[in-house]
K.L.:
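Sharing a structure here in structure tokens format.
Excluded from the calculations below are hydrogen atoms, water molecules and symmetry mates; all remaining heavy atoms, backbone and side chain alike, are included. These numbers come from a predicted model, not from an experiment.
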Amino acid sequence: MTITLPDGKAMTFTRGVTPGDVAAAIGPGLAKAALIGEVDGKEWDLFRPLDHDAKLRIITKKDPEALELIRHDAAHILAMAVQELFPGTQVTIGPAIEDGFYYDFARNKPFTPEDLPVIEAKMHEIVKRDLPTRREVWPRDKAIQHFRDMGESYKAELIESIPEGEDVSIYWHGDWHDLCRGPHFRTTGQVGDAFKLTKIAGAYWRGDANNAQLQRIYGTAWRDQKELDAYLLKLEEQEKRDHRKIGREMELFTFSPDIGAGLPLWMPNGMVIRQELEFLALQEERKDGYRRVATPHITKENLFYRSRHLPYYKEDMYAPLDIDGENYYLRPMNCPFHHTIYGATRHSYRELPLRIAEYGQDYRYEASGGLSGLMRVRGFCMNDAHIYCRYDQAKDEFIRVMQLHARYYDLMGIKEYYMRLSLPDLDKLDKYVDEPQKWLDAMGIIKQAMTESGYPFVEAKGEAAFYGPKIDFMIKSAIGTEYTISTNQLDFLATETFNLKYIGEDGAEHPLYVIHRAPLGTHERFTAFLIEHYAGAFPVWLAPVQARVIPITEKVNDFAHKVMADLNALQVVNGTAGLRVDIDLASERMQKKIRDAQLQKIPYMLVVGEREAAEGKVAVRLRSGKDLGAMPLETFMARIKKEAESRQDVAD
RNA sequence: GCCGGCUUAGCUCAGCUGGUAGAGCACCUGAUUUGUAAUCAGGGGGUCACAGGUUCGAGUCCUGUAGCCGGCACCA
């Protein structure tokens with residue numbers, strides 16, 4: 001039998017040789033380092049015999065696949081440890097995931113945080129036992145019966161979903177065994193000790209809320225302790241960027257149980273960011289031909305029947321208010337209001353595309369368990385607009401919307417995001433408006449727009465809006481949760497439900513498309529993202545306080561006040577009002593004032609003492625700690641004005 | 001919504017097995033007037049999330065509610 005190695009070298013063995021044997025034949029170092037083999041591109045246990053000529057690669061800890069393998073084996077060891085400690089607990093599934101692994105268990109008594117160190121200790125023990133792994137192949141039906149007899153009903157159910165007549169593989173670690181596709185390491189010892197259990201959570205069997213809820217234990221696992229420590233440190237660093245923490249520290253926003261879960265209160269500092277973003281949007285949208293409108297936050301229910309929100313979206317809406325015997329709803333979206341504006345007048349083909357924009361306040365009854373800081377709220381304000389266009393204009397308009405995104409993201413240095421084309425699951429049309437051909441047309445236009453404009457995207461089936469496919473821009477929060485930061489849809493339904501038409505060159509009425517777009521998403525989520533993106537150290541144009549005047553002695557208070565007043569009066573072109581500069585008049589030492597300004601992440605500190613007062617200068621210190629020395633006030637004014645107007649994040 | 005955990009001063013947190021509350025920072029006052037990350041001293045501030053219950057007695061135990069945190073489900 002011939003085994004070919006990656007370097008092209010061919011070796012001859014007798015039939016039944018294992019990848020482990022081959023590794024040993026190559027050298028003792030490799031034999032020791034080997035984790036699993038890769039046979040003709042397929043992962044293969046070291047101890048699993050080969051019965052035909054093959055290309056073989058030996059995978060060690062150094063290979064990129066190693067982490068996933070370690071995590072998969074760690075999940076098995078977790079399951080083993082739990083079953084040893086808590087007899088009667090059923091195992092279900094336990095995959096490797098990003099940065100770690102989890103295992104879902106069925107057990108009447110809940111796991112507690114105190115159980116984790118105990119389980120972890122047991123896992124280390126199992127690793128130390130260095131139990132050999134064995135692989136067996138069983139007929140499907142035997143496996144079902146076996147797991148059923150053991151009381152492992154979830155495992156039995158899993159095997160039942162495997163086609164009849166197929167065999168399944170069973171892996172043994174010592175005398176513990178589990179159904180598994182494999183592969184696994186030769187012994188439990190090869191997993192090493194660089195793992196840690198991180199959290200306990202509830203999780204539905206097969207991800208369906210109608211099923212029983214299992215108990216999930218999460219863990220993380222790495223090649224060695226150094227990698228594990230680095231990972232844990234990274235988590236700590238991420239927590240420091242958490243917008244909820246920074247938002248409290250910098251007094252950007254707050255919540256109150258008296259007002260309600262998910263209903264944010266924007267504080268003056270946070271409102272600065274919001275207004276500057278809104279002003280940016282106003283400027284950019286005007287360049288792109290949008291016009292502003294304003295519409296109510298509440299409406300009679302009829303509007304939402306017409307828009308089909310009530311049948312398709314009711315669960316996400318606040319309960320109606322009874323006003324004079326009529327139901328009024330808080331709006332979850334702005335579209336029907338904009339459609340009403342479009343419908344209020346007749347439109348010629350010459351007017352199209354018609355683009356109307358509103359920073360619209362919406363309310364959605366989000367599931368209580370999903371609320372999270374400003375990232376997921378029940379009351380929010382969306383950077384919304386609707387583009388009414390002819391069918392033949394839709395693709396180009398969609399591209400323009402993508403380009404608008406790019407302008408924003410470039411400006412703010414946002415690089416880590418991806419685009420997701422959310423399509424309907426055409427087999428489950430109960431969730432979507434049942435117009436298969438219109439779905440296909442709309443999907444075709446979006447795909448073409450994306451392809452032509454060269455923006456890469458991934459596809460996600462079953463995530464479309466009920467009225468059309470969409471492109472979502474996805475980001476990750478500081479703590480690793482993925483969020484939609486912007487969503488853009490192509491809507492073929494509104495033309496019917498709201499009877500929106502335009503008069504063509506032929507004098508007849510024609511249907512149209514509506515593009516829903518929100519490049520900056522909502523103020524709430526976008527600001528939350530920006531807080532984490534900048535770790536609270538906002539560029540000057542967004543910083544709530546752009547500079548702080550720090551008088552060294554009371555003797556220079558008059559001059560310090562003049563500095564502040566001059567700066568506050570300085571108008572910037574790309575800003576909502578003058579510069580935002582304050583003054584620290586506390587009876588404290590300069591060092592303390594600098595520290596305070598630093599902790600508040602104020603971009604510029606203007607230290608003013610008797611020397612500066614005499615010369616009309618300010619001593620400029622950056623947030624980074626860099627001291628620019630004294631400069632004439634005018635020089636500094638020119639600098640900060642330029643910086644604010646550029647909207648650039650100038651490196652400190 | 002579901003599972004688990006948490007909720008003590010504005011913030012961060014102490015408070016042993018039940019004996020009616022503490023620190024640091026912040027805030028206020030006074031002293032100090034200071035050259036690039038914390039000057040000193042004094043003071044005010046808590047119906048221990050809320051509502052019930054057990055107990056001679058509850059921040060500590062039990063039940064319910066709300067909010068928050070971690071997941072799951074949901075997410076135009």
K.L.:
Any base atoms under 4.0 Å from A:A597, or only sugar-phosphate, or nothing? Heavy atoms, all strands.
P.N.:
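Nothing, no nucleic acid heavy atom in range.
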
K.L.:
Measuring only the C1' atom in each nucleotide, how far is B:U55 from B:C13? A whole number of Å is fine.
P.N.:
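The answer is 30 Å between these two C1' atoms.
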
K.L.:
Does B:C40 have a Watson-Crick or wobble mate here (both distances under 3.5 Å), and if so which one?
P.N.:
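Pairing partner: B:G30.
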
K.L.:
Would you kindly check whether a donor in the side chain of A:Y204 faces an acceptor in the base of B:G1, or vice versa, at under 3.5 angstrom?
P.N.:
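Per atom types, the contact qualifies.
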
K.L.:
When the C1' atoms of B:U47 and B:G42 are compared, how many Å lie between them, rounded to an integer?
P.N.:
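Rounded to whole Å, the distance is 28 Å.
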
K.L.:
Please say which of A:R241, A:H243, A:R244 ends up in a side chain to side chain donor-acceptor pair (under 3.5 Å) with A:E532.
P.N.:
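Option passing the side chain to side chain donor-acceptor pair (under 3.5 Å) with A:E532: A:H243.
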
K.L.:
For the pair A:H405 and A:F473, name the ring-plane relationship: parallel under 30°, tilted 30 to 60°, perpendicular over 60°.
P.N.:
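Parallel, since the angle between the ring planes stays under 30°.
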
K.L.:
Report the base-pairing partner of B:G35 (Watson-Crick or G-U wobble, both distances below 3.5 angstrom), or none.
P.N.:
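Its partner: none found.
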
K.L.:
With a 4.0 Å cut-off, would you call A:K240 and A:E237 a salt bridge?
P.N.:
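Counted as a salt bridge, because a side-chain N and a carboxylate O are separated by less than 4.0 Å.
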
K.L.:
At under 4.0 Å between heavy atoms, what does A:F255 touch on the DNA or RNA strands: base, sugar-phosphate, or nothing?
P.N.:
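Nothing: the residue A:F255, judged by heavy atoms under 4.0 Å, touches no strand.
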
K.L.:
Answer with base, sugar-phosphate or nothing: what part of the nucleic acid does A:A367 contact at a heavy-atom distance below 4.0 Å?
P.N.:
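Base, at least one base heavy atom under 4.0 Å.
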
K.L.:
State whether A:R355 and A:E397 are salt-bridged, where the test is any N-O pair (Lys NZ or Arg NE/NH1/NH2 against Asp/Glu carboxylate O) under 4.0 Å.
P.N.:
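Salt bridge flag = yes for A:E397 with A:R355.
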
K.L.:
Looking only at the side chains, is there a donor atom on one of A:Q90 and A:S153 sitting less than 3.5 Å from an acceptor on the other?
P.N.:
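A:Q90 vs A:S153: donor-acceptor pair found between side chains.
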
K.L.:
Looking at every strand, decide which applies to A:A201 at a 4.0 Å heavy-atom threshold: base, sugar-phosphate, or nothing.
P.N.:
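Counting heavy atoms under 4.0 Å across all strands, the contact made by A:A201 includes a base.
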
K.L.:
Side-chain donor or acceptor of A:S587 under 3.5 Å from a matching atom on the base of B:U32?
P.N.:
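Result: at least one qualifying N/O pair found.
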
K.L.:
If you pin A:D316 and A:G625 to their nearest nucleotides in RNA chain B, which one's is more 5'?
P.N.:
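It is A:G625, whose closest nucleotide lies nearer the 5' terminus.
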
K.L.:
With C1' as the reference atom in both, quote the distance from B:G10 to B:G71 in angstrom, rounded to an integer.
P.N.:
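Their C1' atoms lie roughly 30 Å apart.
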
K.L.:
Given the structure, check if the side chain of A:E366 and the base of B:C75 hold any donor-acceptor pair shorter than 3.5 Å.
P.N.:
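In this structure, the two groups form no donor-acceptor pair.
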
K.L.:
Sticking with atom P, work out how far B:G24 lies from B:U39, rounded to a whole angstrom.
P.N.:
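Nearest-Å result for B:G24 against B:U39 at atom P: 16 Å.
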
K.L.:
May I ask you to say what A:R248 touches in the nucleic acid, namely base, sugar-phosphate or nothing, with a heavy-atom cut-off under 4.0 Å?
P.N.:
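If one applies the 4.0 Å heavy-atom cut-off, A:R248 turns out to touch the sugar-phosphate alone, with no base involved.
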
K.L.:
Counting any heavy atom closer than 4.0 Å, what does A:E610 reach on the DNA or RNA strands: base, sugar-phosphate only, or nothing?
P.N.:
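Answer is base: heavy atoms of A:E610 come under 4.0 Å of a base.
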
K.L.:
How far does the P atom of B:C72 sit from the matching atom of B:U65, given to the nearest Å?
P.N.:
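Here B:C72 and B:U65 have their P atoms 25 Å from each other.
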
K.L.:
What does A:M605 touch in the nucleic acid at a heavy-atom separation under 4.0 angstrom: a base, only the sugar-phosphate, or nothing?
P.N.:
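Result for A:M605 = nothing.
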
K.L.:
Between B:A49 and B:U60, how far apart are the two P atoms, rounded to whole Å?
P.N.:
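Approximately 8 Å lies between the P atom of B:A49 and that of B:U60.
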
K.L.:
Thinking salt bridges, do A:K476 and A:E98 make one under a 4.0 Å N-O criterion?
P.N.:
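A salt bridge links A:K476 with A:E98.
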
K.L.:
Find the partner of B:C72: check Watson-Crick (N1-N3 plus N6-O4 or O6-N4) and G-U wobble (N1-O2, O6-N3) distances, both under 3.5 Å, and reply none if neither fits.
P.N.:
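Base-paired to B:G1.
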
K.L.:
Using the C1' atoms only, state how far B:G22 lies from B:A14, rounded to an integer number of Å.
P.N.:
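Comparing C1' positions in B:A14 and B:G22 gives a spacing of 7 Å.
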
K.L.:
Any strand counts, and the cut-off is 3.5 Å on both contacts for Watson-Crick or G-U wobble. Which nucleotide pairs with B:G10?
P.N.:
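The base-pairing partner of B:G10, which may sit in any strand shown, is B:C25.
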
K.L.:
Should the side chain of A:R376 and the base of B:C74 be counted as holding a donor-acceptor pair, with the cut-off at 3.5 Å?
P.N.:
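Yes.
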
K.L.:
Determine the contact category for A:P110: base if any of its heavy atoms lies under 4.0 Å from a base atom, sugar-phosphate if only primed atoms, P, OP1 or OP2 are that close, otherwise nothing.
P.N.:
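A:P110: backbone/sugar contact only, no base atoms under 4.0 Å.
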
K.L.:
Base, sugar-phosphate alone, or nothing: which one does A:S368 contact when heavy atoms must sit under 4.0 Å apart?
P.N.:
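A:S368: base contact, heavy atoms under 4.0 Å.
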
K.L.:
Students often get this wrong, so: under 4.0 angstrom with heavy atoms, is A:E588 touching a base, only sugar-phosphate, or nothing?
P.N.:
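The residue A:E588 makes base contact.
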
K.L.:
Start at the 5' end of RNA chain B and walk down; is the nucleotide closest to A:G260 or to A:L599 reached first?
P.N.:
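The 5'-side residue here is A:L599.
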
K.L.:
Got a salt bridge between A:D208 and A:R206, using NZ or NE/NH1/NH2 to carboxylate O under 4.0 Å?
P.N.:
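Answer for the salt bridge query: no.
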
K.L.:
If you look at every strand shown and take non-hydrogen atoms under 4.0 Å, does A:K593 touch a base, only sugar-phosphate, or nothing?
P.N.:
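Nothing, no nucleic acid heavy atom in range.
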
K.L.:
Considering every strand and a 4.0 Å limit on heavy-atom distances, what is the contact class for A:L585: base, sugar-phosphate, or nothing?
P.N.:
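Counting heavy atoms under 4.0 Å across all strands, no contact is made by A:L585.
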
K.L.:
Should B:A51 form a Watson-Crick or G-U wobble pair with both distances under 3.5 Å, which nucleotide is its partner?
P.N.:
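By the stated definition (distances under 3.5 Å), B:U63 pairs with B:A51.
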
K.L.:
Could you please name the partner base of B:C56, counting Watson-Crick and G-U wobble pairs only when both distances are under 3.5 Å?
P.N.:
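Base partner found: B:G19.
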
K.L.:
For A:R589, report the nucleic acid contact type (base, sugar-phosphate, nothing); a contact means any heavy atom under 4.0 Å.
P.N.:
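Answer is base: heavy atoms of A:R589 come under 4.0 Å of a base.
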
K.L.:
Rounded to whole angstrom, note down the C1' distance from B:G57 over to B:G19.
P.N.:
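Roughly 7 Å separates the two C1' atoms.
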
K.L.:
Give a yes or no on whether a donor-acceptor pair under 3.5 Å exists between the nucleobase atoms of B:U36, that is its base, and the side chain of A:Q591.
P.N.:
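When only heavy-atom distances are counted, A:Q591 does not reach the base of B:U36 through any donor-acceptor pair under 3.5 Å.
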
